[in-house]
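Residues take their numbers from the sequence shown, with the count starting at 1. All ligand and atom numbering here is 1-based and tracks the order in the structure.
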Amino acid sequence: MSNKSKTLFTKAKKLMPGGVNSPVRAFGAVGGTPRFVKRAKGTYLWDADGKRYFDFCGSWGPMILGHAYPKVVRAIQKQAAQGTSYGTSTENEIVLAELIQEAFPSMEKLRLVSSGTEAVMSAIRLARGFTKRSKILKCSGCYHGHGDSLLVKAGSGGATFGIPNSAGVPDELAQLTLTVPYNDLKALEQMLEKEGKEIAVFILEPVPANIGVLLPKHGYLEEVRQLTQKHGVLLLFDEVITGFRLAFGGAQASFNIKPDLTTLGKIIGGGLPIGVFGGRAEIMAHLAPDGAVYQAGTLSGNPLATAAGIATLRELKHPHFYQKLHQKSMSFFGELDTWIKKRGAPIQLNRIGSLFTIFFTESAVFDEASAKTANTQSYSQFFHHLLEADIYFAPSQFEANFVSQAMTAEQLRKIAAVILKILTRLLV
Ligand code: HOZ
């Protein structure tokens, strides 16, 4: 076990609640001591004791190119030498906005902010300002950052720690957030019939990845688009995880659906803090200084984050980038899947593109309730066996894992063999 991480965790707990700056990092759900990381390169993380891990967490999504990708590092270094924040507009904001818009044509206008949470909070305010309606609708188990209105039946840390409704959110506000199960069109239809006239926006992870990965049932997203349109409810795709992950144009390109609003984060900052929200020009016109919905940020469009984002997105634009990434991922998942099926193991491998979760349950996982049938104790055991084998997964059953382009087919073959050995041991 990592001694330095233990010492650092003890020290950190004296200074920070739970010893962390974001709850799921604390290993609360899997037990043990969180690893304090000192450096990362390509597919690997090194902890404070110098122990190396093959990393499937990828900083929770941003590191699609792998860690310390040379072109991204150079872009950050070059920009840092020219200043780290100006509080003025820069040309790079335009360059990044053009790259994002090229990938997401539904974002006719957009605004850069500093995190996915901030993007969602701002987009929700805008949706309310535009529609002049107060209620919002989300799916139970989906996570859209920690804005007050979104911490109702929330996934990610909400699911991990069993606090889907956070203390500190006034009931009066929480009551304005309605929920329906993901993949349930009947529930959505009934909700919109009953409350539609008061709902500003339906916010949805088109492919949820914060309760573990869920896949939309055939036709679900198309029907969601039609139903929201019918009721004059805006559709907001939260693609903080799926954006530039499932395809250059995210889930909306993969499933060919045009939402009214979109939020992005993670990958678009190449590992630096960033978020963006955008959508139909008619809606975005309501944002200050053009319109009456206020939104601002000292570090919005930050020069370091935009430099890293531009360098990252330019790599993702290369022809065949996603094809290669998905091919590698598919062979890796294929090896796991074949074994699971052959053995009839009580495990669900939910996956799409380079995104995946291994659920320890025999029933199909397609919404929050089915995700919650997973045996979290088995996941914890699995997680710690992986750690012993120098493999780092997300420290919670209810999160996604990521294949990065830095991982080679050969590495993934070897890792698949290790994972199957661990599963064999666990399932006897
Ligand atoms: N919101 C992230 C998981 N979906 C966790 C971020 C972190 O703890 O670093």
(message) Please identify which of these residues, Tyr53, Phe382, Trp60, meets the ring-ring contact (aromatic ring centres under 6.0 Å, His included) condition with Phe393.
(response) Phe382
(message) Give me the nearest non-hydrogen protein atom to atom 5 (C) of ligand 1 as residue plus atom name, then the distance to 0.1 Å.
(response) Val24 CG2, 3.5 Å
(message) When you compare ligand 1 with Lys266, is there at least one nitrogen or oxygen pair between them that comes in under 3.5 angstrom?
(response) no
(message) Counting non-hydrogen protein atoms only, what is the nearest one to atom 8 (O) of ligand 1? Give residue, atom name and distance.
(response) Ser22 OG, 2.7 Å
(message) Distance under 4.0 Å to a non-hydrogen atom of Glu399: what atoms of ligand 1 satisfy this?
(response) 3 (C), 4 (N)
(request) Give a yes or no on whether the ring-centroid distance for Phe56 and Phe332 is below 6.0 angstrom. (result) yes
(request) Assess the pair Phe398 and Tyr143: is the distance between their ring centroids shorter than 6.0 Å? (result) no
(request) Starting from atom 4 (N) of ligand 1, find the nearest protein heavy-atom neighbour and note its residue, name and distance. (result) Asn210 OD1, 2.7 Å
(message) Taking distance alone, with N or O pairs closer than 3.5 Å, would you say Tyr143 contacts ligand 1?
(response) no
(request) Decide if the gap between the ring center of Phe244 and the ring center of Phe104 is smaller than 6.0 angstrom. (result) yes
(message) Looking at Lys51, is its backbone amide N or carbonyl O close enough to the side chain of Asp49 to form a donor-acceptor pair, meaning the two atoms are under 3.5 Å apart?
(response) no
